[in-house]
Protein chains: 2
Amino acid sequence: MITNKNCIIRLSRYKNALYRLQALGFVKVFSDNLADSVGSTASQVRKDFSLFGISGNKKGGYQIDILLEKLNSILGKDQLQKVIVIGAGHIGSALMRYRGFEKEGIKILGGFDIDPAKINRNSVVPILPLEEVKAFIKAQGIKIAILAVPDIAAQQAVEMITGAGIKGVLNFAPLRLKDVEGCIINNVNLEIELENLIYFVNVEAKIK
Amino acid sequence: MITNKNCIIRLSRYKNALYRLQALGFVKVFSDNLADSVGSTASQVRKDFSLFGISGNKKGGYQIDILLEKLNSILGKDQLQKVIVIGAGHIGSALMRYRGFEKEGIKILGGFDIDPAKINRNSVVPILPLEEVKAFIKAQGIKIAILAVPDIAAQQAVEMITGAGIKGVLNFAPLRLKDVEGCIINNVNLEIELENLIYFVNVEAKIK
DNA sequence: ATCATATTGTTACTATTTTCACAATAACCA
DNA sequence: TGGTTATTGTGAAAATAGTAACAATATGAT
Ligand SMILES: NC(=O)c1ccc[n+]([C@@H]2O[C@H](COP(=O)([O-])OP(=O)(O)OC[C@H]3O[C@@H](n4cnc5c(N)ncnc54)[C@H](O)[C@@H]3O)[C@@H](O)[C@H]2O)c1
Ligand SMILES: NC(=O)c1ccc[n+]([C@@H]2O[C@H](COP(=O)([O-])OP(=O)(O)OC[C@H]3O[C@@H](n4cnc5c(N)ncnc54)[C@H](O)[C@@H]3O)[C@@H](O)[C@H]2O)c1
């Protein structure tokens, strides 16, 4: 079982590139085409596929539609992925208004907030009171949540939603949440992303 | 010169943890304390420090204030980091309204948009017309930009701002931008982040 | 039908990253 | 003061990730 995060990210990139190639009318693809479109190497592409038992045709490359089917299945794109957002503030609202997730088969079913002023049951993605989140998760069988609450509220929120059945959290609050048994917590820490970028820009500047 | 991105991310985490420890009244810290607070190992902490020539005291651990000074210097936190945002839509606005960057010494000086309706020279972070971006970058000596424009606009936007002196871009558009000589492009691809999380949640579910 | 060629799939190799282990030594204690 | 102990700093080992090489083979050309 593959636990290499970068490898899975590459699979997403291959998938995206394949849709583009398909839209351009291509029916098959070679490992080096695909490598070019995602900025990788042909070896890496074949190695990645090999890890998942994906095979093509000697001299014939890979048939795009079959490849897409396999990648989509690995990535869970053969079923609609239901997601909720906790915290309907700046980031939470931006995510809920974003149309890009739907064409990726990711549907945000609702947002939840403690601030009564944020509640709106009639918006495209309804914003509901936090008290309803547990029932909602259970009723809809939701596994994935995006956490966009202030950092002081994050730990408690995670415990609440994992208690109700959430198995994966994408956390935007800039702190390390305590591991929860049976739940994967991934972080999007934009402060750290920027700090990282700044470091590498400075390093480059020093070389010259 | 260290090019290991994860290592630099860990430095950011150490730094953040050290501020928390300092706020709690601690003056010195041991590698295993620090490891605990960031979810790493004592060996990893000492190795990371060793790579940057940071040393502590045998049996005495590390003095937090000195350590912070060194980490801050490595991470470029000893000077204000000026940033601009291209695209004042949902994500761009959320970022510009976010107060969290300032306490990290990161200041968003302005946003730029092609849509005249978005322009607002009087908001806390002024939103200016895109035509002014080149002059602004040069006048203010800006090196870092956050790109929050629709994907079709992203490539052209990058070329424009790198031409004016931008050396690092944090790109939110879900596509691979062509490398630009002398500029580092890091991506925050939230579709892929979610896809990744979904994969690992599914894998966990299958194990059981 | 045969041959030359292009491309895969996998194994072997290399590089990078993390972990381990322990000598060196500063701090503390009796 | 001398001995004991806790902790660092680092080089060696292990684990992980990525690259290269090439045998196997399907395809298309003649
Ligand atoms: N906005 C950004 O650009 C940005 C950038 C980096 C990190 N972040 C992080 O993302 C998180 C959200 O940021 P934001 O700017 O959207 O903040 P925000 O204040 O705009 O929104 C937070 C929302 O969460 C709600 N909330 C508070 N406690 C809650 C709880 N227990 N349960 C449910 N909802 C709750 C609030 O009512 C508010 O609507 C924060 O942790 C912030 O540090 C934001
Ligand atoms: N909103 C999200 O939650 C979200 C999630 C994932 C990815 N993204 C990506 O982030 C980017 C921005 O998303 P958004 O939701 O903020 O979009 P948005 O449409 O709300 O905002 C985009 C803004 O960019 C401006 N713009 C267009 N072309 C421009 C140009 N050439 N120069 C300057 N400004 C220009 C538009 O006028 C608009 O104000 C997109 O690439 C999107 O795919 C957004």
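Just so it is clear, the structure is predicted and the values come from calculations on it, not from any experiment. Reminder, nothing fancy here: chain letters follow the sequence lines and each chain counts from 1.
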N/O (side chain, A:Asn6) to phosphate O (OP1/OP2, D:dT16) under 4.0 Å | no
In whole angstrom, what separates B:Gln63's CD from C:dA27's C1'?
-> 15 Å
Report the residue (B:Ile54 or A:Thr41) whose heavy-atom-nearest nucleotide on DNA chain D is the more 5′ of the two.
-> B:Ile54
For the residue pair B:Phe112 and B:Val85, establish whether any side-chain heavy-atom pair is separated by less than 4.5 Å.
-> no
Without swapping roles, check the side chain of B:Lys178 against the backbone of B:Gln155 for a donor-acceptor pair under 3.5 Å.
-> no
Rounded to the nearest Å, what distance is computed from the CZ atom of residue A:Phe49 to the P atom of nucleotide D:dG18?
-> 15 Å
Looking at side-chain heavy atoms only, is the closest gap between A:Glu104 and A:Lys15 below 4.5 Å?
-> yes
Identify whether any heavy atom of B:Asp32 sits under 4.0 Å from a base atom; if not, whether one sits that close to sugar-phosphate; answer base, sugar-phosphate or nothing.
-> nothing
State whether A:Gln44 places a side-chain N or O below 4.0 Å from either non-bridging phosphate oxygen (OP1 or OP2) of D:dA17.
-> no
Is the phosphate of D:dT7, meaning OP1 or OP2, less than 4.0 Å from a side-chain N or O of B:Asn33?
-> no
Tell me, for nucleotides 21-30 of chain D in 5' to 3' order, what letter each nucleotide earns: B for a base near a protein heavy atom under 4.0 Å, S for only sugar-phosphate near one, - for neither?
-> B--BBBB---
Rounded to the nearest Å, what distance is computed from the NZ atom of residue B:Lys47 to the P atom of nucleotide C:dA21?
-> 14 Å
Does CD in B:Glu132 sit with more than 12 non-hydrogen atoms of other residues, nucleotides or ligands closer than 6.0 Å?
-> yes
Distance, rounded to the nearest Å, where A:Ile9 contributes CD1 and D:dG18 contributes C1' | 16 Å
Acceptor/donor pairs from residues 91-99 of chain A side chains to any protein atom, 3.5 angstrom cut, sequence neighbours excluded:
residue: A:Ser93; atom: OG; partner: A:Ala88; partner atom: O; Å: 3.2
residue: A:Ser93; atom: OG; partner: A:Gly89; partner atom: O; Å: 2.5
residue: A:Tyr98; atom: OH; partner: B:Glu191; partner atom: OE2; Å: 2.7
residue: A:Arg99; atom: NH1; partner: A:Arg97; partner atom: O; Å: 3.4
residue: A:Arg99; atom: NH2; partner: A:Glu102; partner atom: OE2; Å: 3.4

Heavy-atom check, side chain of B:Ile137 versus side chain of B:Ile84, under 4.5 Å = yes
Between P of D:dA17 and CG of A:Leu11, the distance in whole Å | 14 Å
Side-chain N or O of B:Ser50 closer than 4.0 Å to phosphate OP1/OP2 of D:dG9 = no
